[in-house]
Amino acid sequence: MSTLTDAANKVPLMFRAQVEGRCQVQRLIPKALEQDAERWADEWVDKAYPDAPNFGKDVQTRPYALSWRFITNSGQDDGVIRPVIGARGWPFYPGSSMKGVFRQAAHQLERAGELKLGTCDRYCGEKLENNDFRPGILRFHGGYPTDTRWTQNLVDIVHPQQQWQVKSNDKEGGAFIQISLYKPELIVGISSTTPLDDLEWEQIWHIWETALSLGLGCRVSAGYGQPQQRSGDILYRTRLKGQGQAAKLVDGTGEFRPNVFRAAIRGHALRIFGGLTNADQAEGLVQDLFGGIRGGATVGLLSMAFLDTQLELDDFGQGSYSQPTYTVEGELLWRLTRDLPQPQRQALTKLIEALTRFAMVFGGFGKSWRRADHRLVYPDYYDQGYKPLIGCHWEWLGKRSQVRDVRVRKLEKVGDFIAEVRQAAKEWMQLQTRTPQLDTHANWREAWHPDKVQVWGRETDGLEDCEAVRWLHGPYREAIPSVGIPEGSIYRSSITGQMGNVGRLWHRMYPKVRLVKDPENPKKPMPLVTRQYFELVTVFPDDSVESEQLLGFLNGQQTLFKKLWPMPRH
């Protein structure tokens, strides 16, 4: 009988306890040659069968493509989010989860009058008065990927940043790993205990696709598990295009992650509400909208999806400064996850429109969103050798978005636009029985209150006519010794930020889009994209000398930029 040496370390990670020294799938160890999650996924894929499981001959099936990542939490390993594994070692969407969302959708359609009352009970079962239970006629068989594409890009990263981005420089945690499927196509199965005609099967699939429109699995409000089909109760849709620094996965490859939209707009919601009330109420309002775990897990009212129509990943930079980049175009959708009375529905639509436009006017999405894309506005920066990629650039895409969503067509309209966003937030608060308190704000770095933030701007002749980008890398004012004026600089100060500290200045080049008469239909406006841009500088002053001197410079020693918000009270 042979003796197996070091047997404990030959056990596949999937069967080990989630403890240090054995296996920690969720733990990201910086610069490790191999993460536990990578080895865990490789061992899993290696032993999975090459062919997908088949449903029985009496099971009705349909395939559905998902727009981005998909995850179902098995719950088998403490502290780790990783898929349920089904037959043949393939990831599995459980039938019990499928039945749960189907039942929810069926009830929703019954309340809307689209289904006859009692349909849900017929399909899913019902509890009887004597505490017995009558089973429904449908059996939900769950779903599997249709092919082996699921084996690619399994290791996913979650990086909570709300505290860091909005409130203070105190980080609430680092990056964590989870295992999810990248853009899978799932085939799901349903069968019936009684024969049904084609018309009734169409009704059943309609209920299922209503459920699917809200997303499948976990983290759906963050963009996971969203179908390619544009369906569901859509409150707002718009088209965008952008470029910037892609997220880097554990293996160093880049990925454009649609959850950047939710993260940015959730952060802006915090800033806006944080400028209208105290921190506790602001956080509660945002959790109601986007979901969260404060005081218990909450599913938000809003679900997001981004359906890319064009996506290119590339690299930029040299040596250790080389970073993955994206260029993307697509449609951003915000869906309502449950019924709302009509006044609340209208107010919520107005609010999510306003927050999305706010994100577009003052920043962008994803890494380095506080800065204009230096490749466009300061290309000389990269002539200086090894330099990091800084900034991103986003524009509205298509006639509809350029007509409806562009609310700042003149520099002087920036103040009105901010008032519009704050008004949308106030109206939503009042419908939630929260009273806006204009003299109160959250004690956060970026609460959007007149006492906490200033917006300055100018109109430029093009992207290259960018002034403030140089303030980030050198003096904004030369010294004039003869009159006792020292050099002014915010370089490497609390205003511009440094590694490990978020700065207090946003810099955006927002495209100027005019409305002109459409020669083919003079009664309708037509967008005209110009060469001009609005250069916007948003400052959240602190008590530093650099901050005081910058505001002094803006207020009295320069003429290029105008103060746009807050305007003086008359």
Side-chain angles (χ1 to χ4, degrees), residues 68-69 157-168 171-173 175-176 214-215 218-226 235-238 240 242 247 257-306 332-338 347-370 392 394 421-422 424-425 428-429 432 434 441-442 444-448 453 502 506 538 540:
W68 185 48
R69 288 187 173 272
I157 288 184
V158 181
H159 197 178
Q161 294 206 18
Q162 181 170 289
Q163 175 83 16
W164 163 260
Q165 291 283 347
V166 179
K167 301 176 183 176
S168 71
K171 287 190 175 181
E172 51 191 2
F176 303 95
L214 297 176
C218 311
R219 302 174 62 82
V220 293
S221 62
Y224 285 74
Q226 298 291 337
L235 286 181
Y236 171 57
R237 66 171 67 194
T238 190
L240 307 169
R257 299 171 64 83
N259 56 356
V260 296
F261 298 105
R262 177 181 181 267
I265 293 169
R266 181 187 174 112
H268 289 317
L270 267 181
R271 293 179 181 94
I272 297 297
F273 286 124
L276 293 169
T277 185
N278 59 50
D280 185 60
Q281 286 205 9
E283 289 186 293
L285 286 160
V286 170
Q287 175 151 318
D288 290 344
L289 292 175
F290 298 94
I293 57 173
R294 177 175 176 263
T298 303
V299 176
L301 286 167
L302 294 166
S303 164
M304 180 225 81
F306 182 75
L332 176 65
L333 305 172
W334 287 98
R335 299 186 180 100
L336 189 60
T337 60
R338 56 182 181 269
L348 184 55
T349 303
K350 194 173 171 183
L351 178 62
I352 196 59
E353 287 176 343
L355 291 171
T356 307
R357 292 164 183 159
F358 184 87
M360 283 290 285
V361 170
F362 292 109
F365 304 99
K367 300 177 83 170
S368 201
W369 65 267
R370 288 175 169 81
C392 64
W394 286 87
V421 176
R422 282 165 54 89
W428 176 254
M429 289 176 68
Q432 307 307 305
R434 305 285 197 277
H441 59 74
W444 299 335
R445 183 185 61 236
E446 294 186 359
W448 197 276
V453 58
V502 177
W506 305 351
T538 303
F540 298 86

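V453 pairs by the side-chain contact (heavy atoms from CB on, under 4.5 Å) definition with W448, T538, F540, W565, not counting sequence neighbours. Considering only residues two or more places apart in sequence or on other chains, Y236 meets the ring pair (Phe, Tyr, Trp, His ring centres under 6.0 Å) condition with none of them. Taking the side-chain contact (heavy atoms from CB on, under 4.5 Å) definition, one finds that A263 meets it with nothing, sequence neighbours left out. Scanning for side-chain contact (heavy atoms from CB on, under 4.5 Å) contacts around A425 gives I272, F273, L276, L351, with sequence neighbours left out. Take R257 and apply the salt bridge (charged side-chain N to carboxylate O under 4.0 Å, His left out) test, not counting sequence neighbours, and it matches D156, E255. Residues satisfying the salt bridge (charged side-chain N to carboxylate O under 4.0 Å, His left out) criterion with K367, sequence neighbours excluded, are absent altogether. With sequence neighbours left out, F261 forms a ring pair (Phe, Tyr, Trp, His ring centres under 6.0 Å) with F306, F365, W394. Partners of W334 according to the ring pair (Phe, Tyr, Trp, His ring centres under 6.0 Å) rule, which considers only residues two or more places apart in sequence or in another chain, are F290. R237 meets the side-chain contact (heavy atoms from CB on, under 4.5 Å) test with R230, I234, E331, L333, R400; sequence neighbours excluded. Scanning for ring pair (Phe, Tyr, Trp, His ring centres under 6.0 Å) contacts around H268 gives F358, W369, W506, with sequence neighbours left out.
For G364 against A264, the heavy-atom pair with the smallest separation is O-CB, 4.1 Å. Annotation for W444 and A279: closest pair CZ2-CB, 3.6 Å, computed over non-hydrogen atoms. The heavy-atom pair separating A442 from A447 by the smallest distance is O-CB, 3.5 Å. Nearest approach of M304 to P258, heavy atoms of both residues: CE-O, 3.4 Å. Heavy-atom minimum distance, G223 versus W68: O-CE3, 3.6 Å.
Between atom CE of residue M429 and atom OG1 of residue T277 there is a gap of 4.5 Å, rounded to the nearest 0.5 Å. To the nearest 0.5 angstrom, K350 atom NZ is 12.5 Å from L355 atom CG. To the nearest 0.5 angstrom, I265 atom CD1 is 11.5 Å from R271 atom CZ. Rounding to the nearest 0.5 Å gives a distance of 11.0 Å between CG of D288 and CG of L348.
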Practice task
Please step through side-chain contact (heavy atoms from CB on, under 4.5 Å) for the pair R434 and L285, ending with a clear verdict.
Solution key: CA-CA 9 Å; R434 305 285 197 277; L285 286 160; 4.0 Å; yes
Practice task
Determine, stepwise, if the pair R219 / V158 fulfils side-chain contact (heavy atoms from CB on, under 4.5 Å).
Solution key: CA-CA 11 Å; R219 302 174 62 82; V158 181; 3.8 Å; yes
Exercise for the section: Go through the steps to decide whether R370 and V502 satisfy the test side-chain contact (heavy atoms from CB on, under 4.5 Å), and finish with yes or no. Expected result: CA-CA 10 Å; R370 288 175 169 81; V502 177; 3.4 Å; yes
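Applying the side-chain hydrogen bond (donor to acceptor under 3.5 Å, both in side chains) test to residues at least two apart or on different chains, the pairs with a partner in residues 351-363 are E353-R404, R357-D405.
A heavy-atom distance below 4.5 Å is found between the side chains of L302 and L235. Between Q226 and S303 the shortest side-chain heavy-atom distance falls below 4.5 Å.
Under the 3.5 Å distance criterion, the side-chain polar atoms of T337 are matched with a main-chain donor or acceptor of L301.
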